[in-house]
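Residue indices begin at 1 and follow the sequence shown. In what follows, every heavy atom counts, from backbone to side chain, and hydrogens, waters and symmetry copies are set aside.
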Amino acid sequence: MAGDMKGRSDCDLDIISMQCDNEARYRKQITITRPIFTEETFQEGYRISTSNSSATAKLRRSCTSNLSSLSGHGLCLAVLKFFPIIGWLKEYNWRKDIIGDVISGLTTAVMRIPQEMAYALLATVPAVYGLYSAFFPVILYAVLGTSKHISIGTWAVVSIMIGNAIDAVIDVELSNINNGTSEMAEMTSGISAEDNTMLRVQIATSLCLLVGIIQTLMGVLRLGFVTNYLSEPLVRGFTTGAAVHVFTSQFPKLLGIKTTRRTGVITLVYTYIELFTKLKQTNPCAVIMSVLALMMLILIAEMNDLQAHKSWCRREGRKGKKLPIPSELFVVICATLASYLGRFEFKYNLSVVGDIPTGVPVPTVPSLRGSMSLFGSAFAMAIVGFAISISMAQLFAKKHEYEVEANQELIAYGSCHIFGSFFRCFPHATSMSRTAVQEGSGGKTQLAGIISALVVVVILLRLGPLFSQLPQCILGAIIVVALRGILRQIKDLPLLWKVNNVDFAIWLLTFLCVCLLGVDLGLLCGVGIALVTIVLRTQIPNSSIIGAIPNTDIYRDVARVPDAQEIPGIKIFCFSSSLCFINADNFKNSLFQKVGINPQQRLIAKHKGDINKKLEYSHCDDDEPHNDVDQVQTIIIDCCMFNYIDTVGVKTLQTLITDYDKVDIRVVLANCKETVRQSLLKSATLNKKEAIGLDRMYLTLHDAVADHMPSQKDDNFKHVGVKIQNEISYETGV
C-alpha cells in the first residue's frame, strides 16, 4: 500500500483529494411529512402509557420484587449474590488459573508483610496489628467481595486518618480529666506507655467496628451511589494531600528524631518547624540506613515500573509475565540482620519494631465507649475507603470484562471491618500498589488473596519474633517509596487546567485544604467546594437565543453558529439547566435580556401613553443578530435541558406567560420531558387561571416554529424551508 502511494504523482493525489471532498459534500436526503403536534394533539392521536412513577409506587414494586425473591429460585439467586465466591469457584479453571493465583498470592504476600507493619506504625499501633489486618479481613472479603483482583488491607491514607483520630480522642480525653467529664478518665489518667499502647489499640478497633457498621448499613440501604458525590478530581486532590501528611509523618523516623504528634489546623507547618529545630538531634545510624533503604527501594521500584511497562506493551505477543522484584522484603531482611548483628538498638539508640507476639489473637468484643467522638472520623474513613476500593475494583473489572456490584461491595467491606474488629484489626481499604502487583503478577481471582493471607498466618505463628529488631526507619522508607504513585497525581493539574478549570480548582483547593486544615476537615471542605461549584453552575447556567439552520429542522445558538438565522416574529430561548428555585430569577432576567422585551416595563409604558417607546435589553454578545422587538409575536422556550422543574420554576413560567399575554406575545414550550410535563399539569391545582396546558407544549422546536411562523408570503422566512398546510414538510438538501 505504501509503495502504491509513493508511486502516484501529485496530480493523482489531487484528483483523489477532490473526489474525497465531493463525497464529503454529498449527504443523504431526508423528507418528512407529518402534522404539527402539540402535546395535546399528539396524545389525542397516540396512546401514552400511564404507569405510576411516584415514590409510593416504586416502593410498592420494590416490596413486591423482594417478596417474589423468597421463592426457592429467588433464595438461590440471593445466596449466590451474597456469596460471590460460590459463583466464581463453580467456574474456576483449576488447571489454567491456579498457578497464576499461587504466584500472585506469594508475590503479594512478600510485599504485604512489610507494608502492613509499616502502616500499623503509621496508625500509631504496634506493627503486629497490621499483620492481623492483613489476614482476617482478606479471608472474609474473598467470600463476600465481587472484585477478583483488589487487595484488601492497610492503606497509607486511611492509616494516617486513624492515627489522627486516635490522637484527637486521647488529647480531648486527657484535657477533660481535670473537669471529670471524660468518658475514659479512669483509663487515661496516669497510664503507662504499655497502657497507652493498649488504649490506642482499643480506639482503633472501635473505629474498625464503627466503619463496618456504617458501610454495612449503607450497603443494606442501597447507598452505593454516595461515592458519586466524590468526583475524581476531589478524590485525587484529597489523596495527594493526605499523602503529604503521610510523607511528613515519616521524616522523624527517617532522621531518628522524636517529635510531638499533632492534630488540627496547620499541623504540617508546626511539624516542619519542630523538625528543623531538632536537626541537631538526628541519629546518624538512622539517617544512613534510611538513605541506603530509599536508594535501594527507589531503584528497584523504577526497575519494576519499567518492566511492567514493557510487559504491558508486549502483552499481546507473550504469554508469561515477569514477577516484580520484592524490594521491600529484601530491604527488611537485610536491615533486620544488620540491626540484630550490630545491636543497633543498644549501641546507637536506634528505634526498632520491638516484640511481635506469636499466635492469632483470641476474639474479643470491641468497646464502643466514647464512640460518639469517633463517629465523624469513622464516617470519613468509611466513605474514603469505599470510594478508593470501588474505583479500583471497577477499573480492573472493566479491564478483565466482568462486573462489580457497589452495594454488595459495601456489605463486603462492612462485614470485613466488623469481623476484623473482634480480632483487634483497624480500618483498612484497598491498597493501590498491592492491587497492581496482585493483578500484574497473574492473579485471576481472590484465591490469590487467600494465599497471601495464609503466608501472613505463617509469619504470625512462627516467624513474627524474627522481625523484632527491624529498624522503624526502614518501615518509614517503605512508606515514603510506596507514596510515589499517589504523589505523582500532582501531574493531573496541567491537564485539568487545559480541559476543565472547575475540576482544576476542585483538585487544587481540596489539596490545599487537606494540607493546611488536616485530613478530615480537608475532606469536608473538598466536598463542600465540589457542591458549591455544582450549585453555581446550576444557578448561573448558559442561556442563548436559538436560530434555524437554512433548509433544515436544526436549531443552533445564533451567537456561536453564524449560519443560524433568527426567525422574524419569533424568539427561541434556551436555558441550559433545570428550572428551580436556585435559578428562577436568573432564568427570568436572562429571558428578558436575550429576547429584549420586559413585559412589565412595556405595560408601564403603555399606561403612561408612550405606546411607541421601545424598552429593550441589548444582547450579551454584539455578534448576536438584533431584530426589531416590536415585531415579536411568539417566544418559544426550549425545555430540552429541563430535567425537572419545581414549584418556584412553575410559578415563574406561569407569571411569564401571563405577563407576555398582556402585551400580545404568546409564550409556548417545546421539548418538554415527561417529568416536566407532569409537574406543569399538576400545578393547575395551585392556580387554575394560570395553568399551563398541553396546548402550550409542543413536541419539538420545529413544531412550535411551524405553528407560529409568519405568512408563507414573507420573503424573510423562505430560508427556513418549511411549508404549512396543517402539517410540517421539510427537506434537507445535499
Could you measure the distance from the [atom1] atom of [X] to the [atom2] atom of [Y]? Nearest 0.5 Å is fine.
| X | Y | atom1 | atom2 | answer |
| --- | --- | --- | --- | --- |
| Ile665 | Arg602 | CD1 | CZ | 5.5 Å |
| Leu234 | Leu509 | CG | CG | 10.5 Å |
| Leu579 | Tyr644 | CG | OH | 9.0 Å |
| Phe642 | Asn671 | CZ | CG | 11.0 Å |
| Ile636 | Tyr555 | CD1 | OH | 7.5 Å |
| Gln600 | Leu603 | CD | CG | 8.0 Å |

TODO: Could you go through the side chain to side chain contact (heavy atoms under 4.5 Å, CB included) check for Leu656 and Phe592 one step at a time?
DONE: CA-CA 10 Å; Leu656 286 172; Phe592 292 163; 3.6 Å; yes

Close side-chain approach of [X] to [Y], heavy-atom, < 4.5 Å:
| X | Y | result |
| --- | --- | --- |
| Cys639 | Phe575 | no |
| Ile597 | Tyr660 | yes |
| Phe386 | Leu223 | no |
| Thr38 | Met697 | no |
| Leu680 | Val650 | yes |
| Leu653 | Ile645 | yes |
| Asn586 | Gln539 | no |
| Pro427 | Leu210 | no |

Could you pull out the closest heavy-atom pair between [X] and [Y], with the gap in Å?
| X | Y | answer |
| --- | --- | --- |
| Ile506 | Ala530 | CD1-CA, 4.1 Å |
| Ile545 | Asp557 | O-OD1, 3.4 Å |
| Thr510 | Phe238 | CG2-N, 3.7 Å |
| Ser576 | Pro541 | O-CB, 3.6 Å |
| Gln565 | Pro550 | NE2-CG, 3.6 Å |
| Ile36 | Ala706 | CD1-CB, 3.8 Å |

Could you give the side-chain donor-acceptor pairs of residues 494-501 under 3.5 Å, partners two or more places apart or in another chain?
unit_1, atom_1, unit_2, atom_2, d
Asn500, OD1, Val502, N, 2.9
Asn500, OD1, Asp503, N, 3.2

Does [Y] offer a backbone N or O that forms a donor-acceptor pair with the side chain of [X] under 3.5 Å?
| X | Y | result |
| --- | --- | --- |
| Asn583 | Thr538 | yes |
| Ser578 | Asn643 | yes |
| Asn407 | Gly224 | yes |
| Asp646 | Phe581 | yes |
| Ser590 | Phe587 | no |
| Arg556 | Ala564 | no |

Step through the shown structure and confirm whether more than 12 heavy atoms of other residues, nucleotides or ligands are within 6.0 Å of [atom1] on [X].
| X | atom1 | value |
| --- | --- | --- |
| Phe225 | CZ | yes |
| Arg560 | CZ | no |
| Tyr402 | OH | yes |
| Glu232 | CD | no |
| Phe379 | CZ | no |

TODO: State, without any angle test, whether Thr652 and Thr655 hold a side-chain donor-acceptor pair at a distance under 3.5 Å.
DONE: no

- [ ] Keeping to residues at least two apart or across chains, list the side chain to side chain donor-acceptor pair (under 3.5 Å) pairs with something in residues 235-247.
- [x] Arg236-Asp492, Thr239-Gln489, Thr240-Gln489

- [ ] Check the pair Leu230 / Val527 against side chain to side chain contact (heavy atoms under 4.5 Å, CB included), numbers first and verdict last.
- [x] CA-CA 7 Å; Leu230 301 180; Val527 173; 3.6 Å; yes

Identify each donor-acceptor pair in which a side-chain atom of residues 409-418 lies under 3.5 Å from a protein atom, sequence neighbours left out, and give them as a table.
unit_1, atom_1, unit_2, atom_2, d
Glu409, OE1, Tyr141, OH, 2.8
Glu409, OE1, Tyr413, OH, 2.6
Glu409, OE2, Tyr141, OH, 3.1
Glu409, OE2, Thr146, N, 2.6
Glu409, OE2, Thr146, OG1, 2.7
Ser415, OG, Ile411, O, 2.7
His417, ND1, Gln215, OE1, 3.2
His417, ND1, Tyr413, O, 2.9
His417, NE2, His428, N, 3.1
His417, NE2, His428, O, 3.3

- [ ] Carefully, step by step, assess Trp155 and Thr430 under the rule side chain to side chain contact (heavy atoms under 4.5 Å, CB included).
- [x] CA-CA 7 Å; Trp155 184 46; Thr430 297; over 6 Å; no

Task: Under-4.0 Å salt bridge between Asp703 and Arg34 - done: yes

Open item on the list: Could you check whether Asp661 pairs with Arg696 (Lys NZ or Arg NE/NH1/NH2 to Asp/Glu carboxylate O, under 4.0 Å)?
Closed with: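 Looking at Asp661 and Arg696, the cut-off is met.
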
Open item on the list: As a quick check of understanding, evaluate side chain to side chain contact (heavy atoms under 4.5 Å, CB included) for Val519 and Leu523, giving each step before the final call.
Closed with: CA-CA 6 Å; Val519 178; Leu523 174 63; 5.8 Å; no

